[in-house]
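Here's the structure we're looking at; comments come further down.
What you see is a predicted model; the values in this text were computed from it and never measured.
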Amino acid sequence: MNTSRSKGSSWRGAANAGRTWRGAALAALLTAGALTAAAPQAQGESARTETPVASTHPADGVVESVVRVKVPLPQSFGARPAACDWLSYLRYRAADGPSASADADRILVAQPGILEGAGAFDSVARDTVAQAAAQGRHIEFWALDRRSNCLEDPTGIASGDQHTAVDYYYRGKAVGGRTFAGFVGNDQLGWMAKLGIQQTVRDEYDLLTAELPDPTLRKNKVLCGGHSLGGVITGYFAAADFDGNPATTADAGQNQCAGYFALDTTISTDLADLSGSIPDDTNLPDIGLGYGVVRAGLDSGVLPRSLSAPVLLNPETMTLLAIAGLGAVQNPGGESDLLSTLPSNVNIETTNRFLFSKDAATFLTGSPSVKDFRLTNDAVLGALMDDNSVPLAFLQSSVGFFDGGPIIDKNFPATNGSSDNSLLFGVEYKAIPAQPHGPLYTWRNYDRVGAADDPGYRSADGTPFTNASKEVTDIHELARSMGEQPLDFTEQYFPTKLVTDLELATSPQVKQLLVHPGGLTANPTLTVLAGDGLLAGRVPAGLNPVIAPGYQHLDVLTAAPVQNDGRPEVVSSSLAAFAASPK
């Protein structure tokens with residue numbers, strides 16, 4: 001195995017040593033209003049704020065800050081929270097590099113995928129900046145947050161303590177003088193009925209022109225891209241016109257970028273290229289209704305303005321993922337009490353049954369329950385995010401495997417070895433702890449799979465559940481990205497209109513946005529695909545991508561800097577090399 005074992009040990013030591021400092025720093029930010037829903041307004045009328053991000057990440061020569069820029073929505077959007085007139089992103093740069101973005105060698109600007117926030121880019125952003133710096137180039141990585149993330153309240157997560165977070169979101173307890181107002185309902189999301197692809201690409205343009213006013217600089221230094229759905233958004237951005245006059249092209253999307261990058265996606269305007277990236281159990285309206293009917297439904301509130309499901313995928317469960325990450329940051333090897341401290345409601349109970357049932361009978365009866373098993377905080381997070389556990393392909397990463405007790409096949413909602421619905425559930429065999437009221441189940445991190453003490457768990461048919469070549473993400477880095485970021489890893493309020501616009505791409509109202517279709521191929525493109533991701537086995541002809549072997553859909557964002565073959569991480573290496581290439 002590789003040297004990253006010592007890195008994991010160092011990470012835990014740094015986390016323990018720095019927890020008091022981090023908690024104090026987060027508390028200071030919270031008191032100042034930097035992490036609340038009304039953050040920018042709390043700091044006055046300045047059109048831009050930038051706040052350093054406190055982190056327990058090992059020293060890597062990369063500094064991070066959260067930037068907020070005031071870019072008000074048009075009045076036609078109607079009433080919305082003041083925080084929603086601001087755009088936000090996470091800015092990563094080399095500590096010994098220039099402090100001004102305009103002086104960087106290159107700036108990578110990344111659009112997130114569906115149900116994904118800026119925090120999901122943390123690992124790949126850090127590693128890309130660090131690798132470029134090691135080669136003598138100072139680049140920046142900007143992880144964009146969608147405007148609708150202004151509705152999130154990260155106060156409980158920002159406390160740095162899992163129990164405090166649970167008390168904040170579920171027991172009405174205040175943090176820093178603030179109490180949780182509850183998750184936002186559809187009746188409060190009227191302004192989001194208009195938040196589609198047109199405003200999404202306009203937001204990126206307005207942010208770029210505000211932060212980098214020189215058009216020549218943007219054309220020479222900015223690389224535009226994204227992950228998953230972010231590749232399609234980048235395609236629309238590349239083809240867009242922003243001044244209303246197609247004859248003038250300085251404002252065209254293609255001329256804001258020196259190149260494009262696609263992470264387990266393609267730079268295109270065809271949502272079909274990403275079949276499998278949108279979960280089938282959301283409340284996405286029937287697109288057969290037509291553009292006008294869908295628009296009227298969103299405007300009236302008859303159709304949901306935020307993409308979610310009654311269970312599994314909604315603001316509450318997205319928050320619970322961050323809370324689980326927080327527990328793995330605090331006490332990775334300690335026995336988790338998260339599931340016993342959460343309240344019992346239909347959403348949480350049904351979600352737990354879906355994720356932790358070994359078969360349909362267990363799902364229906366609820367016995368044994370996940371609460372009947374002893375799990376460490378690492379094991380809880382692994383069960384929620386690993387490709388051998390979670391049965392949703394677009395949420396999967398490769399962070400290791402269960403350890404500490406007997407393991408059995410998880411044949412719900414799909415049977416191991418079946419190719420049915422593989423785009424939705426993934427192809428890896430799923431596993432689950434076998435012994436309730438038994439041993440403390442631990443988590444074997446990615447770099448200890450295949451080690452001398454690895455039990456080598458196998459499915460009932462003899463198939464190994466995993467091997468070292470299939471594990472690429474450090475669960476502790478994943479935990480930090482999910483539990484420490486001021487802008488979430490997951491997304492609680494994804495605009496339904498953004499997906500319906502893309503599904504209705506042939507309608508005149510959407511088609512008219514593609515003013516400069518040649519923009520999609522006007523600049524060099526780097527495409528990096530997960531070897532086991534959403535496009536595995538169906539790569540579009542002529543794409544010539546870099547393939548990241550063993551990676552799942554999220555691994556292209558979360559993979560560890562040193563892999564189990566001893567080599568540097570391939571996504572960040574490719575991005576650093578692409579940023580170094582001439583236009």
Side-chain angles (χ1 to χ4, degrees), residues 1-2 4 110 112-114 116 120-128 131 225-231 261-266 273-277 382 384-401 422-430 444-450 464-478 481-482 489 526-540 543-578:
M1 304 308 287
N2 62 47
S4 54
I114 194 167
E116 188 173 274
F121 287 96
D122 182 62
S123 290
V124 71
R126 283 185 173 277
D127 197 27
T128 300
Q131 290 206 39
H227 172 242
S228 192
L229 191 74
F261 60 93
L263 306 180
D264 209 34
T265 184
T266 61
D273 288 349
L274 290 176
S275 176
S277 70
L384 291 171
M385 298 298 294
D386 189 67
D387 57 346
N388 294 116
S389 180
V390 64
L392 292 173
F394 76 102
L395 271 178
Q396 292 175 356
S397 55
S398 307
V399 293
F401 198 74
S422 60
L423 283 176
L424 178 61
F425 300 130
V427 298
E428 302 300 328
Y429 276 43
K430 306 299 185 290
R444 180 170 290 268
N445 203 3
Y446 86 107
D447 58 343
R448 293 187 56 247
V449 171
F465 282 111
T466 189
N467 60 65
S469 68
K470 291 280 192 178
E471 303 301 333
V472 302
T473 290
D474 186 331
I475 194 168
H476 302 124
E477 287 195 26
L478 178 65
S481 296
M482 298 184 73
F489 186 106
L526 168 68
T527 301
V528 186
L529 299 182
D532 296 333
L534 297 180
L535 293 175
R538 54 190 190 93
V539 178
L543 194 59
N544 299 317
V546 174
I547 302 295
Y551 283 44
Q552 294 290 346
H553 187 55
L554 280 183
D555 288 322
V556 297
L557 304 184
T558 62
V562 180
Q563 289 295 290
N564 280 329
D565 58 6
R567 297 180 181 179
E569 198 281 310
V570 64
V571 180
S572 49
S573 298
S574 299
L575 286 170
F578 186 57

Rounded to the nearest 0.5 Å, how far does [atom2] of [Y] lie from [atom1] of [X]?
X: Phe401; Y: Asp387; atom1: CZ; atom2: CG; result: 10.0 Å
X: Asp264; Y: Leu557; atom1: CG; atom2: CG; result: 9.0 Å
X: Asp555; Y: Lys470; atom1: CG; atom2: NZ; result: 11.0 Å

Short side-chain to backbone donor-acceptor contact, [X] and [Y], under 3.5 Å:
X: Asp127; Y: Ser572; result: no
X: Asp474; Y: Ala560; result: no
X: Asn388; Y: Tyr429; result: yes
X: Gln396; Y: Phe425; result: yes
X: Thr473; Y: Val399; result: no

Does any non-hydrogen side-chain atom of [Y] lie less than 4.5 Å from one of [X]?
X: His227; Y: His553; result: yes
X: Glu428; Y: Gln552; result: yes
X: Ser123; Y: Ser481; result: yes
X: Leu229; Y: Thr265; result: no
X: Leu575; Y: Leu526; result: yes
X: Tyr446; Y: Ser398; result: no
X: Gln563; Y: Tyr551; result: yes
X: Leu554; Y: Leu478; result: no

Shortest non-hydrogen separation from [X] to [Y] and the atoms involved:
X: Ala536; Y: Ala530; answer: CB-O, 4.4 Å
X: Ser228; Y: Gly113; answer: CB-CA, 4.0 Å
X: Val546; Y: Ser574; answer: CG1-OG, 3.7 Å
X: Ile475; Y: Asn445; answer: N-OD1, 3.0 Å
X: Gly400; Y: Glu471; answer: N-OE1, 2.7 Å
X: Lys430; Y: Ser389; answer: CD-N, 3.7 Å

Practice prompt. List the steps and the verdict of side chain to side chain donor-acceptor pair (under 3.5 Å) for Thr558 and Glu477.
Written response: CA-CA 8 Å; Thr558 62; Glu477 287 195 26; over 6 Å; no
Worksheet item: Of Val528, Leu529, Thr527, which is the lone residue that meets side-chain contact (heavy atoms from CB on, under 4.5 Å) with Leu263?
Response: Val528
Discussion item. In this structure, is the centre-to-centre distance between the rings of Phe578 and Phe261 below 6.0 Å?
Written reply: no
